[in-house]
Amino acid sequence: MHLRILLLFTLFCCKSMLFSQISVPNPSKSDFSEALTILASDSMQGRKANQKGGFMAADYIASKMYAYNLKSFAKIKSYYQTFKIQEHSIKNTTLEFKKGNQETISLSSEKDFQTIPTSTSINKKEIEVIFAGYGLSLPKENYDDYKKRNVKNKVVVVLSGFPNDKDSTSATYKKFKKIFPEENDLEETKLKTAISKGAIALIVIETHEYFKSPKTTQNEVFHSLENPITTSIPVFKIHRTTAENLFSKISIPSKNGLTSTSLQKVKVNFSIELESKTFPVANVLGMLSGKDTTKTIIVGAHYDHLGVKNDSIYNGADDNASGTSGMLALAKKWSESKTKPNYNLLFASWTAEEMGLLGSEYFVQNFDFSKQKILLAINMDMISRSAPEDKLHRILSIGTQKEDENLRKMSTEINSKLQNPFSLDLWETNGHSGSDYASFTAKGIPIMTFFSGFHDDYHTPNDKASKVDFDKIHDVLFIVNSSLLKFLENPNN
């Protein structure tokens, strides 16, 4: 009798353990194909964040969240997290140099320099200049262009590139190329370093032959949050020959190269005058409440694209109707399963990613970290196409932060369960800012960002629904959903 009771008790415990494991079916093609086709249709007019198509897409996504019985997030009474962005254009910009009592030399904004402005107009006179080599400060590499240089409240002049960047066979080149595999990472690091050192502007001398100053920067449009928190400084780019000509005129011998001393007594005047307009936009957020409501996992994708240009509709099927439809498919499956996850699941559609990650940035800036912790932010941006070199259409990039080895290990294990596993490109997002994941890494939040490859139709009117690879989306979502399930069971695995 006692043996029977023991056996029954053991069976009951085993059954309870089995049923304690969360099980949510993976999305099928029918769960995302319709949403992708609708979001990438001409009727959505390219889904530009501050235009009619963007609002139509937001309404469609909200209607799907309502159909899936998702709840509104936090104190927001609807699925819409509304806020305002500003659209700026450069009305006028100037850049002038003067040494001592010499005549002021003015560069032409139409042919001599390129301006990367901040979100406010600025006008500075008689600012000291200091040369800081390549503009890099890398203590771990025992390299510092700012050593013994005080650049606070000064204009910093730096060279583009890094030491020995013309000799790809050198050890120095290989070392720096490993740190900065992409040009935009290098540029961003130089800007952040100048800001951290207290500079008020950065002048980059472009040493590469391919760089050409634009004919004009007038009316070039860029965007920002209405009240940006992040601090930035203006950047001016000038070609090497322009710099050599300029500095020879102010008695700096270019043949010996620039030095910190050679720019003594050189002063800079610069100004940037902007015209700005304000527009309302909205993230679309829907939540499944968890057992522990103090912790949240985000499944996100940006839904905006480029809108209509020159009468051509930029449908953005891969970028990023694919990620948005994938997010909605996961929301559908989790809702239908009636499963209560261990933690909140927030399904998020970010707006204004194409304008500078503004939707996710606004969300993070206004998130109450004192009441909730974000355990993981999953980002899906372009998951339905392949790069031209990916002949088998089986390369998938998954980005995580350097310290999150557990996420990379988890991805590898789950991928191996596919009938036709991907060739995984597991990369570290530290120092990168290519998509909405960057808004979360800036706060030290673990991320997984999924990307299937750049293609020739990227940011062109040819990025259409007819060209997407539904099989690839299906398998990407298998990895995303399986990662969710595993992470929810043990976030510290």
Side-chain angles (χ1 to χ4, degrees), residues 93-108 112-118 122 124-139 141-167 172-173 176 179-180 183 186-209 211 213 232-272:
T93 179
T94 63
L95 182 61
E96 300 174 336
F97 291 80
K98 184 178 182 181
K99 184 170 184 179
N101 296 320
Q102 296 179 22
E103 184 181 349
T104 299
I105 300 171
S106 299
L107 298 186
S108 167
D112 292 332
F113 67 91
Q114 176 185 349
T115 307
I116 303 174
T118 61
I122 188 169
K124 296 289 183 180
K125 299 286 186 183
E126 298 287 311
I127 307 300
E128 289 184 42
V129 184
I130 191 162
F131 178 67
Y134 289 95
L136 296 171
S137 180
L138 306 169
E141 304 297 330
N142 197 28
Y143 182 91
D144 190 1
D145 285 315
Y146 284 88
K147 191 174 183 179
K148 296 182 180 179
R149 288 177 172 85
N150 178 15
V151 302
K152 190 173 182 179
N153 297 322
K154 298 176 184 177
V155 172
V156 180
V157 177
V158 302
L159 300 171
S160 66
F162 50 75
N164 257 20
D165 60 0
K166 301 288 192 301
D167 182 7
T172 305
Y173 174 93
F176 280 94
I179 302 170
F180 304 109
E183 183 69 26
L186 180 62
E187 290 183 0
E188 188 172 333
T189 298
K190 292 185 181 190
L191 176 58
K192 287 180 177 178
T193 303
I195 293 169
S196 70
K197 300 291 183 181
I200 62 171
L202 179 65
I203 297 175
V204 180
I205 299 173
E206 290 287 348
T207 58
H208 298 100
E209 293 300 330
F211 176 81
S213 298
S232 191
I233 58 175
V235 179
F236 299 94
K237 293 185 177 184
I238 60 178
H239 193 272
R240 180 182 61 191
T241 53
T242 304
E244 289 174 348
N245 186 40
L246 167 70
F247 295 131
S248 66
K249 287 182 179 178
I250 52 178
S251 304
I252 297 174
S254 60
K255 64 180 180 180
N256 297 325
L258 284 176
T259 65
S260 186
T261 7
S262 64
L263 285 176
Q264 284 180 359
K265 297 183 181 179
V266 174
K267 299 289 179 71
V268 170
N269 304 328
F270 67 89
S271 67
I272 303 171

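All values below were derived from every heavy atom in this structure, side-chain atoms included, with hydrogens, water molecules and symmetry-related copies excluded.
With sequence neighbours excluded, the residues that form a side chain to side chain contact (heavy atoms under 4.5 Å, CB included) with Thr94 are Asn92, Ser271. For Lys267, the salt bridge (Lys or Arg N to Asp or Glu O under 4.0 Å) criterion is met by no residue, not counting sequence neighbours.
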(message) The test is side chain to side chain contact (heavy atoms under 4.5 Å, CB included); show your working for Phe247 and Asn245 and say whether it passes.
(response) CA-CA 6 Å; Phe247 295 131; Asn245 186 40; over 6 Å; no

(message) Under the criterion salt bridge (Lys or Arg N to Asp or Glu O under 4.0 Å), I'd like the reasoning laid out for Glu187 against Lys192: C-alpha separation, chi angles, the key distance, then a yes or no.
(response) CA-CA 9 Å; Glu187 290 183 0; Lys192 287 180 177 178; over 6 Å; no

Validation: residues 128-139 side-chain donor-acceptor distances under 3.5 Å, sequence neighbours left out:
{"from": "Ser137", "atom 1": "OG", "to": "Asp144", "atom 2": "OD1", "distance (Å)": "3.1"}

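Distance check: Ile203 CD1 to Leu95 CG gives 5.0 Å after rounding to the nearest 0.5 Å. To the nearest 0.5 Å, atom CD of residue Glu206 and atom CZ of residue Phe113 are 14.5 Å apart. Rounded to the nearest 0.5 angstrom, Leu246 CG and Thr241 OG1 are separated by 11.0 Å. Atom NZ of Lys197 is separated from atom CG of Asn153 by 15.0 Å, given to the nearest 0.5 angstrom. Here the straight-line distance linking atom NZ of Lys98 with atom CG of Asn269 works out to 8.5 Å at 0.5 Å rounding. Once rounded to the nearest 0.5 Å, the distance linking OG of Ser160 with CG of Asp165 reads 7.0 Å.
Between the Lys99 side chain and the Leu263 main chain, no donor and acceptor come within less than 3.5 Å of each other. A distance-only check finds no donor-acceptor pair linking the side chain of Asn164 to the backbone of Lys166 [under 3.5 Å]. In this structure, Lys154 contributes its side chain and Asn150 its backbone to a donor-acceptor pair below 3.5 Å. Between the side chain of Ser248 and the backbone N or O of Glu244, at least one donor-acceptor pair lies under 3.5 Å.
Smallest separation of non-hydrogen atoms from Leu191 and Ser232: CD2-OG, 4.1 Å. Thr118 approaches Pro234 most closely through the heavy-atom pair CG2-N, 3.5 Å. Between Ile127 and Ile200, the shortest heavy-atom contact is CG2-CD1, 3.6 Å. Here the closest non-hydrogen pair linking Ile238 and Asp112 is CG2-O, 3.7 Å.
Between Phe236 and Phe270, the distance separating the two ring centers is shorter than 6.0 angstrom.
Residues Pro117 and Thr93 fail the side-chain proximity criterion, which asks for heavy atoms closer than 4.5 Å. Between Lys190 and Thr193, the closest side-chain pair of non-hydrogen atoms is not below 4.5 Å. The shortest side-chain heavy-atom distance between Pro163 and Tyr143 falls under the 4.5 Å cut-off. Using a 4.5 Å cut-off on side-chain heavy atoms (C-beta onward), Val158 and Asp145 make no contact.
Using a 30° and 60° split on the angle between ring planes, Tyr173 and Phe162 fall in the tilted class, from 30° to 60°.
Side-chain atoms of Glu96 and Thr104 form no donor-acceptor pair, as typed in the model, at a separation below 3.5 Å.
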